Amino acid sequence: MTSPAPRTDSSPPHRVPVVVVGAGPAGLTVGNILRAASVDCLVLETETREFVEQRPRAGVIEEWAVRGLEKRGLARNLLDRAELHTACEFRFDGERYRFPYGELTGSHHFVYPQPLLVTDLVREYADVRGGQIRFGVRDVRVHDIDTDRPSVSYTCPDSGEHRIVHCDFVAGCDGARGVTRAALPPERVRVARHDYGIGWLALLAEAPPSADCVLFGCHARGFAGQMPRSPEVTRYYLQCPPGDDPANWPHERVWEELRERLGASGVPPLAEGRLIEKRVLDMHDYVVEPMVSGRLFLAGDAAHLVAPIAAKGMNLALHDAFLLGDALVAHLADGDDSGLGGYAEACLRRVWDYQEFSQWLSEVYHGPAAGDPFRAGTALARLRRLFSSPAAAAAFAEQYLGTAARY
C-alpha cells in the first residue's frame with residue numbers, strides 16, 4: 001500500500017521528473033524513450049546489472065514490436081543478430097504440419113533472447129544516453145501516488161543510506177511481485193486471474209535446434225514445444241503437473257518424452273544435449289485493473305501476466321512501454337495529457353486480445369492430454385481446420401503474429 005513519505009536525515013531529497021521501478025524490457029524502454037527526449041529519470045532495480053543481463057527469459061519478438069524499438073533507436077543489435085522465423089510446425093496424430101505464416105501475412109517473428117535485449121537496453125540507457133540507474137537497491141517503497149508530489153524511497157546498497165527521490169510520476173515496471181503493484185489502493189484494484197491447472201517443465205539444452213522453426217507437439221501424453229534460441233542452445237517445454245519437482249525429470253526421462261511427444265513420420269531424431277536449466281512454470285494469467293492510480297502507471301508484468309503459451313509476454317511489456325514513454329514525454333515536454341489519460345485503455349485492449357488468444361491456443365496444445373474425449377476431439381478439430389480452411393489459417397496467423405491487434 002502507498003503511505004506518506006518517511007522522514008529521513010541520512011541524505012538530502014533528490015528530484016527527477018520520473019522514477020522507473022524495474023530494469024526489465026518495459027522499464028528500460030520507458031527510460032530510453034525519456035532520455036531520448038532529454039527528460040531526466042531514475043531507474044531503480046533490486047537485482048545486479050549482471051543478473052538482469054543474464055536472466056533467462058523469452059526470446060520471440062513480434063515484428064511490430066521490433067519496428068517500435070527501431071523507431072526509437074533501440075534495435076540496432078537486434079536487427080543485426082536476430083533470427084527471422086516465418087513458419088512454425090504442428091505435430092499431431094503422428095504427422096507433421098508446417099504452417100507458413102510468413103507467406104500468409106508478409107510478417108515474421110524475430111528470435112532474440114531477452115537477456116540480449118536487456119543488455120542492449122541497459123547499455124543504451126546508461127552508457128549512451130546518460131540515464132541514471134541504481135542496481136541492487138533494497139527496501140523500495142512508493143509514496144503519495146495520489147498527490148502531485150509522489151516519491152520513491154530505497155536503501156542504497158553501497159552506503160546503506162535511506163534515500164528519497166521526489167518525482168512527478170512513477171512508472172511501475174517491477175513485475176508481478178514488485179512493490180509498485182502492491183502500492184495500488186486495494187479497495188480500487190481488481191485482479192482477474194485464470195489458472196490453467198497445468199505446468200510446463202521449462203528446459204534449456206546445450207543442443208542445436210532439431211528443426212528450423214518452432215515446434216508444437218500436441219500429444220495424448222502432454223504438450224511439448226521446441227523454441228530455437230541460438231545455433232547452440234534450444235528451449236524446450238514439456239507439459240507436467242502443476243507444482244511438479246524438476247528433480248522428477250532426469251536427463252533420460254526428459255529426452256524420452258520429447259522424442260515421443262515431438263515425434264512424427266519422416267522427421268529426423270532430436271539433437272540431444274546437456275540440460276542447463278530445468279524449472280516448472282505453473283500456467284496462469286492475470287490482469288490488474290486499473291493499471292493507473294494517481295501518478296503511478298503500471299507496465300508489463302506488474303499490470304498483467306500472460307502464460308508463455310503464445311509467447312506474448314515480452315511483446316505486451318514493450319507495447320505498454322511505448323505508450324507510457326511516449327505519453328510521459330508528451331506531458332512533460334508539451335503539456336499534452338491525452339496519452340496519459342488514454343494509457344490504460346489502450347494497453348488493456350491488446351492485453352485482453354492476447355489473453356483470449358492464449359486461452360484458445362491452450363486448448364489446442366493441452367486438449368489432447370486432458371483425459372476428456374470431448375476436449376481432445378475439439379482440439380484436433382481446431383488443428384485440422386488450420387490446415388484445411390484458408391480463413392482459419394489467416395485468422396490464426398494474424399493472432400500469432402499480433403498483426404490483428406491494430407490499436
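None of these values were measured; they are calculated from a predicted model.
- No side-chain N or O of His331 forms a donor-acceptor pair with one of Asp168 less than 3.5 Å apart.
- Distance alone, capped at 3.5 Å, is enough to place a donor-acceptor pair between the Glu63 side chain and the His108 backbone.
- In summary, Glu345 and Arg349 engage in a salt bridge, as defined by a charged side-chain N under 4.0 Å from a carboxylate O.
- Screening residues 371-380 for side chain to side chain donor-acceptor pair (under 3.5 Å) gives Glu363-Arg375 as the qualifying pairs, with residues at least two apart or on separate chains.
- Within the 3.5 Å criterion, the main-chain N or O of Asp174 finds no donor-acceptor partner in the side chain of Glu45.
- Ring geometry, Phe99 versus Phe396: the interplanar angle exceeds 60°, so the pair is classed perpendicular (tilted spans 30 to 60°).
- With 3.5 Å as the limit, one finds no donor-acceptor pair spanning the side chains of His284 and Asp195.
- Here the side chain of Asn315 pairs a donor or acceptor atom with the backbone of Val60 at under 3.5 angstrom.
- Ring planes of Trp64 and His319: perpendicular class, angle over 60° (limits at 30 and 60°).
- Without hydrogens or angle criteria, Arg91 side chain to Leu262 main chain gives a donor-acceptor distance under 3.5 Å.
- Residues Asp245 and Val280 fail the side-chain proximity criterion, which asks for heavy atoms closer than 4.5 Å.
- When the side chain to side chain donor-acceptor pair (under 3.5 Å) test is applied to Gln114, no partner is found at least two apart in sequence or on another chain.
- Side-chain polar atoms of Tyr101 and His109 form a donor-acceptor pair below 3.5 angstrom.
- Residues passing the side chain to side chain donor-acceptor pair (under 3.5 Å) test with Arg149: none are found, sequence neighbours excluded.
- Of the possible donor and acceptor atoms, none in the side chain of Arg229 sits under 3.5 Å from a partner among the backbone N and O of Leu204.
- For Asp285, the side chain to side chain donor-acceptor pair (under 3.5 Å) test picks out Tyr196, with sequence neighbours left out.
- With Phe322 as the aromatic partner, Arg350 does not meet the cation-pi criteria of under 6.0 angstrom to the ring centre and within 45 degrees of the ring axis.
- Ion pairing of Lys71 with Asp326 is absent here, as no side-chain N (NZ or NE/NH1/NH2) approaches a carboxylate O to less than 4.0 Å.
- Formation of a donor-acceptor pair under 3.5 Å by the Tyr154 side chain with backbone atoms of Thr46 is not found in this model.
- For residues 20-35, the set of pairs meeting the side chain to side chain donor-acceptor pair (under 3.5 Å) definition, not counting sequence neighbours, comprises Arg35-Asp40.
- Looking at Arg98 and Asp212, a side-chain N of the basic residue comes within less than 4.0 Å of a carboxylate O on the acidic one, giving a salt bridge.
- Taking the six-membered ring where tryptophan is involved, the planes of Trp360 and Phe357 are essentially parallel, since the angle between them stays under 30° and well short of 60°.
- Pairs engaging residues 381-397 under the side chain to side chain donor-acceptor pair (under 3.5 Å) rule: Asp93-Arg384 [sequence neighbours left out].
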Please assess Arg253 against Asp244 for the test salt bridge (charged side-chain N to carboxylate O under 4.0 Å, His left out), listing each intermediate value before the final yes or no. CA-CA 14 Å; Arg253 184 187 180 194; Asp244 203 355; 5.1 Å; no
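- Here the side chain of Tyr125 pairs no donor or acceptor atom with the backbone of Ile33 at under 3.5 angstrom.
- A cation-pi geometry, defined here as NZ or CZ lying under 6.0 Å from the six-membered ring centre and within 45° of its normal, holds between Arg295 and Phe169.
- Looking at Asp301, its side chain never comes within 3.5 Å of a backbone N or O of Ala176 through a donor-acceptor pair.
- Tyr237 has its ring centre no less than 6.0 Å from the ring centre of Phe223.
- No donor-acceptor pair closer than 3.5 Å links the side chain of Ser362 to the backbone N or O of Ser358.
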